[in-house]
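Here's the structure we're looking at; comments come further down.
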Amino acid sequence: MKKTPIKHSWAEPYKIKMVELLKMTTPAQRRKAMAAAGYNTFLLKSEDVYIDLLTDSGTSAMSDRQWAGMMLGDEAYAGSANFYHLEKVVQEVYGYKYVVPTHQGRGAENILSQVMIKKGDVIPGNMYFTTTRLHQELAGGVFHDIIIDEAHDSSSQHPFKGDVDLNKLEALVREHGAEKIPYVCIAVTVNMAGGQPISLGNLKALRAYTQKLGIKIILDMTRIAENAYFIQRREPGYQNKSIRSIVKEICNCTDGATMSAKKDALVNIGGFMALNDPDDYEEASNLVVVYEGLHTYGGLAGRDMEAMAIGIMESVSDDHIKARIGQVIYLGEQMMQMGIPITEPIGGHGIFIDAKRFLPHVPQDLFPAQALAAELYIDSGVRTMERGIVSAGRNAKTGENYYPKLELVRLTIPRRVYTQAHMDVIAESVANVYEKRKKIKGLRMIYEPRYLRFFQARFEKIR
Ligand code: F0G
């Protein structure tokens with residue numbers, strides 16, 4: 001296998017002060033652990049995992065400054081100093097007026113959906129995300145995907161596969177009427193599409209169209225700095241703009257946002273809702289008391305809000321984001337050189353292996369991505385996750401399985417956690433499994449939970 005070095009160094013703008021020791025396991029131990037976990041990587045014990053690529057959510061390494069901030073926790077029930085620090089940072093960095101903290105992203109999604117959605121409403125979005133869509137449905141809404149077709153094609157080279165197809169939105173407006181659409185839900189570096197960005201040009205066109213109709217735009221700003229990096233790299237006119245200014249420009253095109261701070265913002269727990277409309281804010285800050293906690297802590301400790309405020313500032317540094325995505329691209333380029341089918345262009349938070357092309361002999365009903373994730377773990381102790389038919393779940397009304405076009409295994413890279421040598425181990429393991437791919441037969445689901453089944457479903461091997 002020939003390796004060509006990537007052109008620009010992405011070396012990390014930090015050094016290591018503390019390490020976490022890992023247990024090394026044998027293939028026999030891993031085979032046993034995987035069977036005991038029902039071939040679902042979510043059910044593995046973390047101590048049995050060597051390199052954990054299950055998610056980039058809550059798995060970042062905090063900086064010395066964030067840890068120091070934890071010591072400044074003001075654990076008052078009401079009016080914590082850390083809340084006001086967080087509020088100021090969100091206002092300055094993202095530009096929204098009001099901030100409501102929540103324990104994590106889905107806490108914000110729950111409240112925002114209850115505030116903004118009425119029964120029978122239609123919520124267009126640039127591809128679904130599992131928890132986001134479920135909260136929209138629980139609030140009485142129906143989600144409609146309006147992302148461009150290229151997003152559903154893992155080999156399309158479109159530079160902004162997170163873009164919205166305005167024709168699809170117009171068709172929804174014609175069918176249902178603008179009054180049935182409270183907002184368009186826009187995700188940055190679209191998770192389920194493989195971490196693919198939306199362009200500012202597309203967002204501005206969407207803004208111009210929706211403003212005429214009185215439809216709001218709510219941003220899922222979970223990985224916004226990563227999206228800004230792709231805009232800086234790919235969108236004409238942004239090469240000399242800072243990540244921080246691009247982030248602000250994205251937010252300026254929207255009316256509010258939900259945030260899982262466990263990703264971009266480099267904390268292990270936390271989230272928030274940010275809004276500009278005073279009435280929406282009033283209702284949200286009232287409802288948050290029911291589900292999360294008082295509107296100045298929203299289910300978080302003061303120290304968590306302090307770490308988040310500091311993490312947001314670190315997340316919009318150009319040097320940080322260049323190294324973060326540089327590492328992801330380093331891994332992705334190795335896989336491409338080995339001929340592994342992955343979602344292209346390489347996305348922001350991980351590498352997505354196309355299980356349909358990796359295992360063309362395994363039909364989607366036998367869960368090819370789930371089976372591949374299990375084999376990767378057994379091969380090397382690398383834990384990945386399924387993003388395909390298991391994640392897509394069933395239609396809430398008809399009970400039918402959704403059959404997503406994309407059947408992916410996600411190798412999500414935690415921020416500031418693993419080294420370049422770890423990336424090499426991952427690539428070698430994927431190559432190993434690729435060589436023996438014909439032996440993988442697929443899985444049968446033997447237990448299916450009612451909500452978000454991918455977290456807890458259990459499987460057995462097809463012999
Ligand atoms: N929106 C996006 C785009 C996400 O990726 C997530 C979480 C959420 C919302 C929900 O936030 O977990 O803090 O409640 N994604 C994680 C993942 C779970 O692994 O991709 P949360």
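Whatever order the structure lists them in is the order used to number ligands and atoms, beginning at 1. All values below were derived from every heavy atom in this structure, side-chain atoms included, with hydrogens, water molecules and symmetry-related copies excluded.
Closest protein heavy atom to atom 15 (N) of ligand 1: Lys263 NZ, 2.9 Å. Asn191 ND2, 2.8 Å is the protein heavy atom nearest to atom 5 (O) of ligand 1. From the protein, the heavy atom lying nearest to atom 8 (C) of ligand 1 is Phe129 CE2, 3.4 Å. The shortest contact between atom 21 (P) of ligand 1 and any protein heavy atom is with Gln104 NE2, 3.3 Å. The nearest protein atom to atom 13 (O) of ligand 1, hydrogens excluded, is given as Ser260 OG, 2.6 Å; this is a heavy-atom distance.
Taking a cut-off of under 4.0 Å to the non-hydrogen atoms of Lys262, the atoms of ligand 1 that pass are 13 (O). Close approach to Asp220 involves these atoms of ligand 1, each under 4.0 Å from a residue heavy atom: 1 (N), 2 (C), 3 (C), 9 (C). For ligand 1, the atoms closer than 4.0 angstrom to any heavy atom of Thr55 are 17 (C), 19 (O). Here is the list of ligand 1 atoms found below 4.0 Å of a heavy atom in Thr131: 8 (C), 10 (C).
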Would you tabulate the side-chain donor-acceptor contacts of residues 122-130 under 3.5 Å, counting partners in other chains and residues two or more places apart, or write 'none'?
{"unit_1": "Asn126", "atom_1": "OD1", "unit_2": "Ala187", "atom_2": "N", "d": "2.7"}
{"unit_1": "Asn126", "atom_1": "ND2", "unit_2": "Gly162", "atom_2": "O", "d": "3.0"}
{"unit_1": "Asn126", "atom_1": "ND2", "unit_2": "Ala187", "atom_2": "O", "d": "2.9"}

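Between Asp145 and the choices Lys168, His152, Arg133, the side chain to side chain donor-acceptor pair (under 3.5 Å) rule is met once, by His152.
For the pair Glu314 and Arg415, the salt-bridge criterion is not met [side-chain N within less than 4.0 Å of a carboxylate O].
No donor-acceptor contact under 3.5 angstrom links the side chains of Arg387 and Asn191, judged on distance only. With no hydrogens or angles considered, no side-chain donor-acceptor pair links Asp319 and Ser317 at under 3.5 Å.
Between Tyr50 and His422, the ring planes are perpendicular. Angles over 60° get that label, and only those under 30° would be called parallel.
The heavy-atom pair separating Arg324 from Gly348 by the smallest distance is NE-O, 3.8 Å.
Among Met385, Glu109, Arg106, the residue whose heavy atom lies closest to atom 9 (C) of ligand 1 is Glu109.
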Can you list the steps and then say if Lys263 with Glu226 is a salt bridge (Lys or Arg N to Asp or Glu O under 4.0 Å)? CA-CA 10 Å; Lys263 284 82 165 173; Glu226 293 174 4; over 6 Å; no
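Note: an N/O pair closer than 3.5 Å links Gly105 and ligand 1 by distance alone.
Note on ligand 1: Arg410 sits in its first shell, one or more heavy atoms being nearer than 4.0 Å.
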